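Data block below; observations after.
Just so you know, these numbers come straight off a predicted model, no measurement behind them. Both counts, for ligands and for their atoms, begin at 1 and track the order of listing.
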Amino acid sequence: RAKAASRNTVRFFDPAMESVMMVRAALERDLRQALEEHQFVLHYQAQVAGDYHLTGAEVLVRWQHPQRGMVWPDDFIPAAEETGLILPLGHWVLQTACTQLTIWAARPETADLTVAVNVSAQQFRQPDFVAQVLAVLAATGANPQRLKLELTESLLVSNVQDLIEKMAALKAKGVGFSLDDFGTGFSSLSYLKRLPLDQLKIDKSFVRDVLTDPNDAAIAKTIIALAQSLALGVIAEGVETSAQRDFLAQAGCQAYQGYFFSRPVPLEDFEQLCAAGLRAPAGV
Ligand code: C2E
Ligand code: MG
Ligand code: MG
Ligand code: MG
């Protein structure tokens, strides 16, 4: 970045630009410190099957900032990606999630749960990503069959062959793959067919107005049909009402995630949910 700035000294002395850079530098410092001081925490959001039983959780990282309080991922993941700090952060998330899988495996009420972990494109593109995941699985004793990695379509813009090889290597060990935020990126349907995916995840932007916007309804239905014809699972994110859930179920959706079932919650709360079970509405 310093190099880019010196090539364009006019911009460097632009006060607005300078303050943006200072904010970024401060954020980077803060993020480094946060990693060292263990200020990150994982929240768990239920993933639910059509019959309302809880099948697993997506882990979502939060930053408990000593001054700013709880910071949401949209406010620090982009900076973590730009600075490369997403690599140690992502590794910590994976390790923590896999440790939890092993703890859950030993208790009857949580033994069958899966854990879905978000993986940034930058993280996945590391040459030793496969080895890292296998090392974490070995070190934590987590069952690879219970681990699901959520990838985004941004991975499809470069070196798809490398992507396929890494996915295949992990899949051979039992790790599952979900394509997150599906429909918002640039998936080519021909690539989609070649990727060893297990699941498409319908982005919440299509779910929000699925009952009122015919375009969103058409897109949601199309994604569900596409998943079916490619023999993939499909999960809808951002399900906030029973009416949205029912519409998606009618269209053939099999799995759901959203505030209607549970918000992302701290571990203790998620475990309570597992013990108590979800309340299915009458008739389901
Ligand atoms: P995502 O993976 O698509 O996660 C879904 C987001 O939707 C989460 O936001 C979740 O809290 C939110 N959400 C869930 N249900 C509902 C709902 O019913 N309604 C609405 N309006 N929102 C819902 P969150 O936790 O703020 O995370 C935002 C994004 O940050 C994630 O989107 C993911 O891309 C990224 N992220 C989170 N944790 C990690 C991580 O550990 N590693 C990486 N690389 N990215 C992460
Ligand atoms: Mg996700
Ligand atoms: Mg998503
Ligand atoms: Mg999303």
Closest to atom 38 (N) of ligand 1 among Val61, Val93, Leu151 (heavy-atom distance): Val61
Distance under 4.0 Å to a non-hydrogen atom of Trp72: what atoms of ligand 1 satisfy this? 26 (O)
I need the Leu156 CG to Leu151 CG distance, nearest 0.5 Å. 9.0 Å
For the Mg ion (ligand 3), the nearest N/O/S atom on Asp181 is atom OD1
Charged N-O contact under 4.0 Å between Glu240 and Arg208: no
Give a yes or no on whether a salt bridge exists between Glu82 and Arg24, defined as a side-chain N under 4.0 angstrom from a carboxylate O. yes
Using 2.8 Å as the threshold, say whether any N, O or S atom from Asn118 sits that close to the Mg ion (ligand 2). yes
With carbon and hydrogen excluded and only N/O/S kept, which atom of Asp180 is nearest the Mg ion (ligand 3)? OD1
Any side-chain heavy atom of Asp30 sitting closer than 4.5 Å to one from Trp63? yes
Just checking, is any N or O donor in the side chain of Trp104 or Glu271 under 3.5 Å from an acceptor N or O on the other one? yes
Just checking, any donor-acceptor pair under 3.5 angstrom between side chains of Arg62 and Gln39? no
If you count the atoms of ligand 1 from 1 in the order shown, which ones are under 4.0 Å from a heavy atom of Ser120? 44 (N)
Ion pair check, Asp198 and Lys171, cut-off under 4.0 Å: yes
In terms of its nearest heavy atom to atom 5 (C) of ligand 1, the top option of Glu150, Arg263, Glu237, His43 is Glu237
What atoms in ligand 1 come closer than 4.0 Å to a heavy atom of Asp74? 28 (C), 29 (C), 30 (O)
Is there a heavy atom in Arg62 that sits closer than 4.0 Å to ligand 1? yes
We want to know whether Glu150 and Ser178 form a side-chain donor-acceptor pair, criterion being a heavy-atom distance below 3.5 angstrom. no
Could you work out, for atom 22 (N) of ligand 1, the closest of Tyr259, Phe260, Phe261 by heavy-atom distance? Tyr259
Please classify the Leu89 to ligand 1 contact at 4.0 Å (heavy-atom distances, strictly less than): side chain, backbone, both or neither. neither
For the 3.5 Å polar cut-off, considering only N or O atoms, please tell me whether Gln123 and ligand 1 meet it. no
Which of the atoms in ligand 1, numbered in the order shown and given with their element, are less than 4.0 Å from a heavy-atom of Gly258? 15 (N), 18 (O)
Does ligand 1 have an atom under 4.0 Å from some heavy atom of Gly90? no
Answer key: the N, O or S atom of Glu58 nearest to the Mg ion (ligand 2) is OE2
Charged N to carboxylate O below 4.0 Å: is that the case for Arg32 and Glu28? yes
Judged on heavy-atom distance to atom 7 (O) of ligand 1, which of Lys204, Gln45, Arg208 sits nearest? Lys204
Could you tell me which N, O or S atom of Glu150 is nearest to the Mg ion (ligand 2)? OE1
Tell me, which N, O or S atom in Glu237 is closest to the Mg ion (ligand 3)? OE1
Report yes or no: does Glu240 have a heavy atom closer than 4.0 Å to ligand 1? yes
Would you say Val48 and Thr55 make side-chain contact, with heavy atoms under 4.5 Å? no
Identified side chain to side chain donor-acceptor pair (under 3.5 Å) partner of Gln45 from the options Arg263, Gln257, Glu237: Gln257
More than 12 heavy atoms from other groups under 6.0 Å of NZ on Lys221: no
Output yes when the distance from some N or O of ligand 1 to some N or O of Asn118 is under 3.5 Å, and no in every other case. yes
If you draw a 6.0 Å radius around CE in Met70, do more than 12 non-hydrogen atoms from other residues or ligands fall strictly inside? yes
Quick one: which ligand 1 atoms are inside 4.0 Å of a heavy atom on Val239? 18 (O)
Compute the shortest N/O to N/O distance between Gln257 and ligand 1 and return yes if it is under 3.5 Å, no if not. no
Ligand 1 atoms in contact with Asp180 (distance to a heavy atom under 4.0 Å): 1 (P), 2 (O), 3 (O)
